[in-house]
Every structure is written in C-alpha cells, then in structure tokens.
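Naming: A, B, ... by sequence-line order, numbering from 1 per chain. Just so it is clear, the structure is predicted and the values come from calculations on it, not from any experiment.
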Amino acid sequence: MNDRLLHKWDVDLNEARKIQERLSKHLVLEPYTLGKCMVAGIDVSFRKSTQEASAAIAVMSYPQLRIIEISIARMKMTFPYIPGYLAFREAPAILEAWAKLKTKPNLLVFDGQGLAHPRRFGLACHLGVIFDLPAIGCAKSHLYGDFVEPAQEKGAYSHIIDPAKQDKIGAAVRTRNNVSCVYISPGNHMDIESAVRTIFSLTHRYRLPEPIRYAHKYSGKGWEE
DNA sequence: GCGACAG
DNA sequence: ATCTTGTCGC
C-alpha cells in the first residue's frame, strides 16, 4: 500500500477529477505473468433503503482457485453514483475491508473499469495505484471507448479504442459461448494483453472470473444479523 | 442541444 | 447497484 497517495474521498467533482488526473501519473502499464499467487476479487453492493455499502474481498489461491479468506465491511455511503467517478463511491468500503484482511493478495480483480475510462483512471487503476499491486478492471458493461462486437465463441475479443487518441485502452472479451462480453482493461502493473490472458485463466464455468463471482456473492451477504 | 453513461 | 415473480429458452 502506497500511503503517500492516500487522499480524502469526500470531495466535489472538480476535486475528484484533479485527484484522478494526479494519481494517473503513477500508473504503470507493463507485461504481467500469472503464476502461483493469491488473487483477490473485489466487489461492493448497496442498500438503497439505508444508504449503506457492503464491500467484499474474496482472496483465492491460484491455480487452485480455492477460497482462502473473505473480508466484508459495511458503512454508510456518502458519494453518489456518477459515471466516471465510481471509485469515490466504492473505495472507502473497500479500504475498510482491506484493513481487516489477514492474507494480503498480490493480484486484484475489480468489478469495474480500469484504463477504459474517460481519464484513463477507472476504479481498478485508482485502487491498483494506491495498493501498488497488479490490478485488472473487469466490467460487466461498457463505459468508454469504441469497439466492434467480437465473435460469439469463447476466447474471441476485440480491442477498445480511445476515440480521442485512437489507441488501445482495453478489450471486449467473450469468456463463454453466446454470452454478453466483459470489458477488460489494465488497473496497474499490467498491460492489455496480460489482463485479457489473466482473465481467461481465472474464468472457468461462468461468464465472470471466479474471484469476481465470489466477491459479488459475499458482498450481497453482508446484510444479515 | 443530443446521446452515452462502470456500479 | 436496488426494487421484485414469474417465466422464456438452452
């Protein structure tokens, strides 16, 4: 964790944008090779009625993909959902769940965008930079950039292009036959091809990679009592 | 002004 | 994301 880059989350939109632009200078895009490690799936669910957020971090061993530890944290949410600023809504709960985690993972998979973002700094980049760990954004829907629909067969993918600079910022990926795409982009210490390759390695029977499936399952399980 | 818009 | 039952399709 790079404590020097921690900042307040209760800010206005102009300040939030400046924080994204400042922290994005710390992004490192580089090849990543998946090997024996601890991989974490991270997801947050909400309760509209109580204005509460529930973050879950599911740590799994790779390549066994067995659950090693689950950390859940609930808290009041303050920041609204604004496309392009998801980190300011979800990060506080994620950081609290992280603090309670015994097993610190060395690869992070987030339920949201990474580089495929208007300012190239989605949720996966923001927390990937703060944790200073390899991170991947794995979103269930598209936010920013142009792409052509990949073939329907598992394994097919096409690059997401930034309409501003015309360069690659991610990929629309078919993880199973005849399912909708997932949108993959680098978070930190990761390049596009490494991110796509890694997501395929973490995906088995379902559309979403295993760490994300478990994180989603447990984030919605923090409401009992 | 119009359409798009992670969770 | 959340609020919700049954229901269409492989």
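Judged purely by distance below 3.5 Å, without hydrogens or angles, the side chains of A:D162 and A:Y144 pair a donor atom with an acceptor atom.
Residue contacts for A:F88: at a heavy-atom cut-off of 4.0 Å it reaches no nucleic acid atom on any strand shown. Contact annotation for A:H117: base contact, defined as any heavy-atom pair under 4.0 Å involving a base atom. Using a 4.0 Å heavy-atom cutoff across all strands shown, A:N178 reaches no nucleic acid atom at all. Base contact: A:Y81 has a heavy atom under 4.0 Å from a base atom. Within the nucleic acid shown, A:G84 comes within 4.0 Å of at least one base atom, counting heavy atoms only.
Separating the CG atom of A:D43 from the C1' atom of B:dA6 is a distance of 11 Å, rounded to the nearest angstrom. Atom CD in A:E52 sits roughly 15 Å away from atom C1' in C:dA1 (whole-Å rounding). In this structure, A:L123 atom CG and B:dG7 atom P are separated by 10 Å, rounded to whole Å. At whole-Å resolution of the value, CD in A:Q51 and P in C:dT2 are 13 Å apart. A straight line from CZ of A:R207 to P of C:dC10 spans 19 Å, rounded to a whole angstrom. Atom OH in A:Y183 sits about 11 Å away from atom P in B:dA6, given to the nearest Å. In this structure, A:H216 atom NE2 and B:dA6 atom C1' are separated by 14 Å, rounded to whole Å. To the nearest angstrom, C1' of C:dC10 lies 14 Å from CD of A:Q152.
Here the nucleotide nearest the side chain of A:K48, chosen from B:dG7, B:dA6, C:dT2, is C:dT2. Picking from B:dG7, B:dA6, C:dA1 the nucleotide with the shortest atom distance to the side chain of A:E90 gives B:dG7.
The pair A:R74-A:E52 meets the salt-bridge criterion, since a charged nitrogen lies less than 4.0 angstrom from a carboxylate oxygen. Salt bridge present: A:R17 and A:E21 bring a charged side-chain N and a carboxylate O closer than 4.0 Å.
Summarising the geometry, atom NZ belonging to A:K48 is positioned 9.5 Å from atom CE belonging to A:M77; distances are rounded to the nearest 0.5 Å.
Between A:S45 and the phosphate of B:dG7, there is no side-chain N or O to OP1/OP2 separation shorter than 4.0 Å. For the OP1/OP2 pair of B:dA6 and a distance below 4.0 Å, the side-chain nitrogens and oxygens of A:K140 include no atom meeting the criterion.
Annotation: A:K18, atom NZ; neighbour count of heavy atoms from other residues, nucleotides and ligands within 6.0 Å does not exceed 12.
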